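Proteins get letters first, then strands, A, B, ... in listed order; numbering begins at 1 in each. It should be emphasised that the depicted structure is a prediction, and the values quoted were computed from it without experimental measurement.
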Number of protein chains: 2
Amino acid sequence: MTKSGTNLKKLSQHLGLSQTTVSRALNGFPEVNEKTRERVRMAARELNYQPNPSAASLATGKARQIGHVIPLSDHTMINPHFSDFIAGAGEAYARLGYDMLLRVVAQRDEHEVYRDFANRRRVDAVVVHGPLRGDGRIDLLQQLELPFLVHGRDGRDEASYSWLDVDNAGSFRDATTFLIERGHHDIALVNGLETMNFAHQRMQGYRAALQEGNIDPRRDLLHSADMVEPYGYHATHELLGLSKPPSAIIYSSILVAMGGARALSEIGCKIGSDIAVIIYDDALSFLASAGEETSPNAPFFTSMRSSIRDAGRRAAEMLIKSIDHGSADHVHELWEPEFVLGASTGDAP
Amino acid sequence: MTKSGTNLKKLSQHLGLSQTTVSRALNGFPEVNEKTRERVRMAARELNYQPNPSAASLATGKARQIGHVIPLSDHTMINPHFSDFIAGAGEAYARLGYDMLLRVVAQRDEHEVYRDFANRRRVDAVVVHGPLRGDGRIDLLQQLELPFLVHGRDGRDEASYSWLDVDNAGSFRDATTFLIERGHHDIALVNGLETMNFAHQRMQGYRAALQEGNIDPRRDLLHSADMVEPYGYHATHELLGLSKPPSAIIYSSILVAMGGARALSEIGCKIGSDIAVIIYDDALSFLASAGEETSPNAPFFTSMRSSIRDAGRRAAEMLIKSIDHGSADHVHELWEPEFVLGASTGDAP
DNA sequence: TTGTAGGCGTTATCAA
DNA sequence: TTGATAACGCCTACAA
């Protein structure tokens, strides 16, 4: 069966040592004679020995794999935000000797996948994407005692699990306040799906700023849907068609903003002069912060920016660290997006 | 160690049968008494028994995992094209009982990863993404005897490995010819990186059409780079700044075209009337063929369209089928993109 | 500092 | 039709 692969047995025979010693030498056990260890290392390199992960996993109970589940409701999560996160996380995994296991399933089967993961011990932990407000996956994973980290939060007891999130409420509040202070009154929010907690947080931040500015929120200035390009296009057309259109729009994603820009250019409405725009920018790598280079001085879009790829990298690190240390403590990180002043909110003061 | 998981031993004891029989019953061996099999199945469901993949893999030599390597040169492959492919493939894997293993590494380490895969038998096969012209990964995989399927081709002996590709040359030739027949003479191609074979194929198709139309190719109408949005923007600005600007532009990706559209709208150049545009459309799900719904009758962009997500799904199926059947034959599929007439090439005749 | 022996949970071979 | 028994390749008490 073993075609050409060197295994522990062969290697130890080649060295005239026991498998135990060889294993210990390679795994950095302190009791091994340094001379022996060096000899073993040389031979291992020479014979190109790599431990078989299935055997190791069977023996240790550790899979050295982290699971990511992509729920396939419609086209929802297969979006660039997700892929950038994955890229960052994957980078960290590779560095730390872990593999990423991806499972794409219908949304209603996601719980079953976690059960399967826990049951078969195929992964040591999972990353939960796109938490809803009060997300059943979190309860399930706790019950299954499968370690996990959430990218985002679910709005409930946040001390009871590990997460990495950005300050959605704070940044949207600040952005809204920024617009109010510049004299805007009718400010639209083209938001993500509000069943997702991040979108809810953003809406809350927006609302809080309006309240502080003594502005009554207008229901017709609030849109909520999956953050795809066409949504931005349609929502913007609707907004501009109102009898009292907004003078400023906040877009929850650059993707949505691109659809918005398409609509605005059709109408002949110029961003920055005719209308103010602020976007939330995940710093998606394939867009390279599109518009960044429009003007040599300032970026095109005024934005709240936080790299989702960095988030993926950091999330992976946090998770691995906690499972490697076997600590049951939960870890949390709240990132503050950077506020970037661009041309889309008019000339700088 | 085993927390709550039911294993073969427990299950067989519970049933008063040997592990052998239980294993055989569950794995569909024909010699098992149907009554016994049914009894075993019931008990397995009841006790929630799932075979441990590490143990199974160790015993069979099959990992039931397919490897995908994402090279991290710059930001290259972490693009939406890739993630859509992954989504399709992942769907097929889940359906067929396989898992997807993702490894994100620096480009120069990609070969090493394949060696590692082969050596440790962590995956049963791999999918090769974004083949270059004459791609060393293919030689390596053949040498390692690790089964693989290429999404695309590398321009060499295409019978020697399995692949799934779209007819890049043919569709770009047709698109170019279409423009020539409508009276266009100065046709620009904003292409992908031509070290990638798909981009080379596209350029060849474009050249062939020009030649057939007795048009001398102009070097200044040809751009080649990573298919990100800002590239489309810059390339378009350059094209429009030429002393003899093109009357038509072909964009190699909708992402690039979005950058192009941004530039054109800045200049005040109207797509469809001032300039003709054709795009290659991978039917990226999060864009939902942006512009599709601009006009109720026709889509906005005239395009060559082929779903990259479908390609991922099909590629996975082809690969799994070939490794499950243990056949050493190579499989190939060449897809013809659909030509979709939209508004961006002017009014329909 | 090194070695022996047993176990991890399956599958597969050979008998019965 | 079913059952012992031996791999698969590694790790890890326990012993020396």
In this structure, how many angstroms lie between the [atom2] atom of [N] and the [atom1] atom of [X], rounded?
X: A/K9; N: C/dG3; atom1: NZ; atom2: P; value: 16 Å
X: A/L26; N: C/dT2; atom1: CG; atom2: C1'; value: 16 Å
X: B/K10; N: C/dG9; atom1: NZ; atom2: C1'; value: 12 Å
X: A/K62; N: D/dT12; atom1: NZ; atom2: C1'; value: 16 Å
X: B/L15; N: D/dT2; atom1: CG; atom2: P; value: 12 Å
X: A/N52; N: C/dC8; atom1: CG; atom2: P; value: 18 Å
X: B/L8; N: C/dA12; atom1: CG; atom2: C1'; value: 13 Å
X: B/E31; N: D/dG3; atom1: CD; atom2: C1'; value: 12 Å

Using side-chain heavy atoms (C-beta onward) and a distance below 4.5 Å, is [X] in contact with [Y]?
X: A/V123; Y: A/R64; value: no
X: B/R137; Y: B/H111; value: yes
X: A/I323; Y: A/Y98; value: yes

Between A/H129 and A/H151, what is the ring plane arrangement, given parallel below 30°, perpendicular above 60°, and tilted in between? perpendicular
When you get a sec, tell me which of [options] is the closest nucleotide to the side chain of [X]?
X: A/A59; options: D/dG3, C/dT11, D/dC11; answer: D/dC11
X: A/V32; options: C/dG7, C/dT2, D/dT1; answer: C/dT2
X: B/Q19; options: C/dT11, C/dG9, D/dC11; answer: C/dT11

Start at the 5' end of DNA chain D and walk down; is the nucleotide closest to A/T20 or to B/E34 reached first? B/E34
DNA chain D: 5'-proximal contact among B/A55 and B/R24 (nearest heavy atom):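 Result: B/R24.
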Looking at every strand, decide which applies to A/T36 at a 4.0 Å heavy-atom threshold: base, sugar-phosphate, or nothing. sugar-phosphate
Looking at [N], I'd like to know if its phosphate oxygens (OP1 or OP2) sit under 4.0 Å from a side-chain N or O belonging to [X].
X: B/N7; N: C/dG9; result: yes
X: A/N27; N: D/dC11; result: yes
X: A/T60; N: D/dC11; result: no

How do A/S18 and A/L58 order along DNA chain C: which one's closest nucleotide is nearer the 5' end?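 Comparing both residues, the 5'-ward one is A/S18.
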Considering the options B/K321, B/R313, B/R314, which one meets the salt bridge (Lys or Arg N to Asp or Glu O under 4.0 Å) requirement together with B/E317?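 Result for salt bridge (Lys or Arg N to Asp or Glu O under 4.0 Å) with B/E317: B/R314.
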